[in-house]
Protein chains: 2
Amino acid sequence: MATSPPASPLKSRDRLVATATKLFYANGINATGIDTVIAESGATKGSMYHHFHNKDGLVAAYLRGEANGWHEAATGVDDSSKSPVERVALMFTIPATAIATDSFHGCPFTNAMVERPADPAIAEIVGDYRRVMAEHVADLIGAKTTDTVVAQVVVLYDGGVTGAKQTRSAAPVATASAMAQNVVRAWLKTGRD
Amino acid sequence: MATSPPASPLKSRDRLVATATKLFYANGINATGIDTVIAESGATKGSMYHHFHNKDGLVAAYLRGEANGWHEAATGVDDSSKSPVERVALMFTIPATAIATDSFHGCPFTNAMVERPADPAIAEIVGDYRRVMAEHVADLIGAKTTDTVVAQVVVLYDGGVTGAKQTRSAAPVATASAMAQNVVRAWLKTGRD
DNA sequence: GTTAGATTAGACAGGTTCGTCTACTATTGT
DNA sequence: ACAATAGTAGACGAACCTGTCTAATCTAAC
């Protein structure tokens, strides 16, 4: 008789990743010691190094989670009944909302590449995230991933988020969103180019 | 008979800042210990803490230098005899060139805000840099700093540089440059909006 | 010439970091 | 019943970090 799927609400590995997600994003990866993550997650060192080869492993798991999280958020705010222009605008509400709630600390992928420039696993996950985003944008507007308009929207997204991080204001995101809508509108009107 | 303006090629304070500039940008601020900067600059700890209250002070001096450096680079590549559109394109050659020489590690201001999010001095210097950049762009195209077109070009600049950092490629900068030229062209044609 | 600022050289304290290791226990699948 | 996986609890080492301090010298201005 198993004592019910053990009272543990979450396996220790998942708790570690969840805590890392919170702390790494809010306080920075390098500024957050492994000991802090372990303590706050209620796990132990043995567990940590059982599941992850080293801190880089935990960081990679954290970043993969962020990539999934972005995709979920993007599909979550989407509304396929709306026009391409409106759907792109919806995508830009993701950073806009985050800034409003004050739990915004910039793009987790940019942050990770800045904090751990030498880690190839990070570069790979960031590449995956960017591919997912390009596909998502292409879907929203009915373009091919390789179309210029997709790269343009991505540049605007990056620019809006980076500007928001630097200025601690939502204005750059609003500017970027408006520009993205213009770009998509023009692309729809002139027929793909 | 002074032994000629002392053989020292550079005062120790300047050597510290120069070394910090190289190491902080290339390897990251937090990843570079004060001892390393001191050793590589040929200065000593006493000198370091004579000129700077703490590491934050050295970081601030480094970032101020980067802000000045950007302004010099921007005016250096500019050519006032060219058209507004061409002059904006010239500005985008700054990151494009840096990426080509492989000494590119992203935007120093973004990096600093990521690595030391709590330091108010950094936020201030970044704000100065952004004001300088906005004024520069406004000058290039004959706009007011508060015109929408200026904010648009800045968003594109940020987006190009961030994308380049994430992808380790110059493509986002090229995309951003082309978009900036389009935006300025449209703004000139329709007359300020 | 005297005084103040700049500099050298390095020891030192106090803290943090990551990762290893031992020894033991609980759960789970077969 | 047994073996493999997952976990607890915490000591520990070795490296690193920032910042202080002493004590002596060198330069420059006034």
Side-chain angles (χ1 to χ4, degrees), chain A residues 1-20 23-24 26-63 111-112 114-122, chain B residues 1-20 23-24 26-63 112 114-119 121-122:
Chain A
M1 215 38 27
T3 50
S4 83
S8 79
L10 227 51
K11 300 230 169 215
S12 113
R13 200 201 115 108
D14 296 318
R15 287 193 325 247
L16 281 163
V17 175
T19 307
L23 298 179
F24 284 169
N27 306 334
I29 295 169
N30 292 338
T32 305
I34 220 78
D35 289 355
T36 310
V37 177
I38 289 166
E40 192 145 328
S41 75
T44 59
K45 220 142 202 199
S47 248
M48 158 73 196
Y49 285 97
H50 174 74
H51 289 293
F52 303 102
H53 176 249
N54 51 23
K55 186 178 180 179
D56 286 349
L58 181 59
V59 171
Y62 148 66
L63 254 203
N111 296 357
V114 168
E115 292 212 85
R116 322 218 113 197
D119 188 338
I122 287 179
Chain B
M1 46 216 46
T3 49
S4 82
S8 81
L10 226 52
K11 300 230 168 212
S12 110
R13 201 203 115 108
D14 296 318
R15 287 192 326 245
L16 281 163
V17 175
T19 307
L23 297 180
F24 284 169
N27 307 333
I29 295 169
N30 292 337
T32 304
I34 220 81
D35 289 353
T36 310
V37 178
I38 289 165
E40 192 144 329
S41 73
T44 60
K45 220 144 201 200
S47 249
M48 157 73 196
Y49 284 98
H50 174 73
H51 289 292
F52 303 102
H53 175 249
N54 52 22
K55 186 178 180 180
D56 286 349
L58 181 58
V59 172
Y62 148 66
L63 253 203
V114 168
E115 293 211 86
R116 322 218 111 198
D119 187 338
I122 288 180

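Heavy-atom basis, side chains included; hydrogens, waters and symmetry copies ignored. Remember, it's a predicted structure, so these values are computed and weren't measured experimentally. Letters go in sequence order (proteins before strands), and every chain restarts at 1.
Protein atom NE2 of A:H50 is 5 Å distant from nucleotide atom C1' of D:dA6, rounded to whole Å. Across the protein-nucleic acid pair, B:F24 atom CZ and D:dC17 atom P stand 11 Å apart, rounded to whole Å. Rounding to whole angstrom units, NZ of residue A:K11 and C1' of D:dT5 are separated by 9 Å.
The side-chain heavy atoms of A:F24 and A:L63, taken from C-beta on, include no pair separated by under 4.5 Å.
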Produce a footprint string for nucleotides 8-23 of chain C: one letter per nucleotide, 5' end first; B if the base is under 4.0 Å from any protein heavy atom, S if only the sugar-phosphate is, - if neither. B-B------SSBB---
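A distance of 8.5 Å separates CG of A:L58 from CZ of A:R13, quoted to the nearest 0.5 Å.
Taking A:S47 as the reference, A:S12 meet the side chain to side chain donor-acceptor pair (under 3.5 Å) condition, with sequence neighbours excluded.
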Using a 3.5 Å cut-off and no angle test, enumerate the donor-acceptor pairs between side-chain atoms of residues 26-36 of chain A and protein atoms at least two apart in sequence or in another chain.
residue, atom, partner, partner atom, Å
A:N30, OD1, A:R116, NE, 3.2
A:N30, OD1, A:R116, NH2, 3.2
A:N30, ND2, A:E115, O, 3.0
A:T32, OG1, A:L23, O, 3.4
A:T32, OG1, A:G28, O, 2.6
A:D35, OD1, A:K45, NZ, 2.8

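Across every non-hydrogen atom of A:V114 and A:P117, the tightest pair is O-CD, 3.5 Å. Nearest heavy atom pair, residue B:A20 against residue B:V37, reads N-CG1, 4.0 Å.
Put simply, the side chain of B:N54 gets close to the backbone of B:G57: a donor and an acceptor are under 3.5 Å apart.
The rotation axes computed at either terminus of the helix from C:dG1-D:dC30 to C:dT30-D:dA1 lie 30° apart, taking five pairs at each end and rounding to 10 degrees.
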